[in-house]
Every structure is written in C-alpha cells, then in structure tokens.
**Student:** 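Before I ask anything, here is the structure I am working with.
Residues take their numbers from the sequence shown, with the count starting at 1.
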Amino acid sequence: RIPVHIFPGRMQSLQPELERFSESNSILQAFWQNLQEGFAYFEREHILPKITVDGHGRYVFSDPLL
C-alpha cells in the first residue's frame, strides 16, 4: 500500500491563478485554501500528514504519529 498525494504544483506559485480563478466562487476558494493547509503542513514537517475529513467535508491534516 503506497499513499499518493498529488498537488497541481507548488501552492505558493499558484496563488495568483487561484485568486483569479476562485474570486467568483467562494466554495471553490475555500476548497483551495483547505488544500493549501495540507501542502503547508508537508512543506513545514517534511512528512505526509494524517488526513481525515470533518463533519463539514473539510480535510483535516494532523501529525501521522498521533
């Protein structure tokens, strides 16, 4: 079993496109911001986070060792 995490690119370099793309759709903007949290976790910790989904459909990223 091999987990695969795919992002469309480095989230920092995509910021202008994401802002332009999601200005008209707050749901889509919230989704991309949520993905950015996971990307930031990986960049900061250099390990894949444990990923769960909360009761509102948002991804929750946490330490995989807890």
**Student:** State, to 0.1 Å, how close F61 and N34 come at their nearest heavy-atom pair, and which atoms those are.
**Tutor:**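 Scanning both residues, the minimum pair turns out to be CE1-O, 3.2 Å.
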**Student:** Among Ile, Leu, Val, Met, Phe, Trp and Tyr joined by side-chain contacts under 4.5 Å, find the other residues sharing a cluster with F42 and list them by chain and number.
**Tutor:**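 For the cluster that includes F42, the remaining residues are L48.
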**Student:** Starting from Y41, walk the hydrophobic network (Ile, Leu, Val, Met, Phe, Trp, Tyr; side-chain heavy atoms closer than 4.5 Å) and list everyone else you reach, by chain and number.
**Tutor:** I47
**Student:** Give the minimum heavy-atom separation between P64 and P49, together with the two atoms involved.
**Tutor:**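 For P64 versus P49, the nearest heavy atoms are CD-CA, 4.2 Å.
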**Student:** Taking only distance into account, with no hydrogens and no angle test, what donor-acceptor pairs under 3.5 Å do side-chain atoms of residues 52-59 form with protein atoms, sequence neighbours excluded?
**Tutor:**
| residue | atom | partner | partner atom | Å |
| --- | --- | --- | --- | --- |
| D54 | OD1 | H56 | N | 2.8 |
| D54 | OD1 | G57 | N | 3.1 |
| D54 | OD1 | R58 | N | 2.9 |
| R58 | NH2 | E37 | OE1 | 3.3 |
| R58 | NH2 | E37 | OE2 | 2.8 |

